[in-house]
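Written below as structure tokens is the structure these notes are about.
Counting convention: from 1, in listed order, for ligands and their atoms alike. In this text the structure is predicted, and so the values were computed from the model without any measurement.
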Amino acid sequence: MSRLSVNVDHVATVRQARRAKEPDPVTAAALAELGGADGITIHLREDRRHIQDRDAIILRKTIKTKLNLEMAATQEMLKIALELKPDMVTFVPEKRQELTTEGGLDVRTHKDSLKKIIATLKEAGIRVNLFIDPEPEQVKASHRMDVSGVEIHTGKYCDANDGVMRDEELKRIYNTTLLASKLGMAVHAGHGLDYYNVKKVAEIKEIEEFAIGFSIIAKSVFVGIERAVREMKELIG
Ligand code: PXP
């Protein structure tokens with residue numbers, strides 16, 4: 001059964017809309033765990049548009065599952081990660097103007113800067129995943145970086161508006177998952193997954209973990225976080 005790491009960034013987005021104290025992503029994480037979440041994911045962005053440093057520090061102390069910190073490969077974030085000691089860091093590309101992460105990392109282009117940062121995190125006992133598009137070249141490049149795993153970007157599959165395109169994207173996810181798994185890397189997947197499109201991806205048994213945020217938090221407005229998480233867990237199970 002695949003694990004589910006619940007991304008609570010969107011709870012912080014609502015809070016930051018008013019620069020208020022609520023809703024608190026720390027409370028959301030606790031309720032997500034009660035609903036069966038196997039981990040909590042946060043993206044501490046350079047511009048701090050949703051998750052704040054305070055959230056990361058408190059979550060590190062309070063969550064009972066695993067903390068996955070998504071971040072850009074910068075010196076500022078490296079320093080924070082070394083102090084915070086999340087269970088895992090997932091490197092993502094970051095652009096200021098984007099609404100959300102738009103694509104996977106180009107591991108080949110950034111291999112020199114990534115290599116140093118990855119080695120430092122590994123020395124500190126932190127697992128490292130790279131968020132990549134479902135392309136064999138990116139999987140092979142990630143393998144050469146000696147990371148524990150990859151997170152396959154499912155965004156194009158989720159955004160595909162016709163069946164042929166969706167099937168093609170699913171096949172790309174499947175093929176790259178198998179390749180990464182064969183190379184001995186843990187395979188995670190995420191971005192854009194919801195209650196309608198997750199099942200087909202979840203049929204790929206080699207995917208160990210899903211990182212899902214928006215659809216769960218959106219549903220939780222109406223049914224509460226515990227139930228929203230439980231229903232997603234049933235679908236990926
Ligand atoms: N994985 C990564 C690397 C992401 O950047 C995001 C979005 O923050 C997610 C998973 C979750 O995506 P969504 O919120 O669309 O479920």
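Here K199 does not pair with E203 in a salt bridge; the nearest charged N to carboxylate O distance is not below 4.0 Å. Taking a cutoff of 4.0 Å between a charged side-chain nitrogen and a carboxylate oxygen, R54 and D24 qualify as a salt bridge.
The F214 neighbourhood of ligand 1 comprises atoms 13 (P), 14 (O), 16 (O), with distances under 4.0 Å to a heavy atom of that residue. Remark: ligand 1 atoms within the under-4.0 Å shell around heavy atoms of N7 are 8 (O). The ligand atoms of ligand 1 that sit less than 4.0 angstrom from a heavy atom of A211 are 10 (C), 11 (C). Heavy-atom proximity to E151, at under 4.0 Å, picks out these atoms of ligand 1: 1 (N), 2 (C), 3 (C), 10 (C). Interface atoms of ligand 1 facing G192, defined by a heavy-atom separation under 4.0 Å, are 12 (O), 13 (P), 15 (O), 16 (O). Set against the non-hydrogen atoms of V92, the atoms of ligand 1 under 4.0 Å away are 3 (C). Within the listing of ligand 1, atoms 14 (O) sit less than 4.0 angstrom from a heavy atom of H10.
Put simply, V26 and V11 are part of two different groups of oily side chains (I, L, V, M, F, W, Y) that touch within less than 4.5 Å, one to the next.
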Which donor-acceptor pairs under 3.5 Å do the side chains of residues 116-128 make with protein atoms, sequence neighbours left out?
unit_1	atom_1	unit_2	atom_2	d
T120	OG1	K116	O	2.9
K122	NZ	D146	O	2.8
K122	NZ	D146	OD2	3.1

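Under 4.0 Å from ligand 1, not a single heavy atom of H153 appears. With a 4.0 Å heavy-atom cut-off, ligand 1 is reached by the side chain of F131 but not by its N, CA, C or O.
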Stepwise, does the ring pair (Phe, Tyr, Trp, His ring centres under 6.0 Å) test hold for F131 with H153? CA-CA 7 Å; F131 181 56; H153 191 334; 4.7 Å; yes
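With M185 as reference, V150 is the one residue of N129, V150, L130 to meet the side-chain contact (heavy atoms from CB on, under 4.5 Å) rule.
For the residues H43, E70, H50, the heavy atom positioned nearest atom 9 (C) of ligand 1 is part of E70.
Counted by atom type alone, T65 and D38 present zero donor-acceptor pairs between their side chains at under 3.5 Å.
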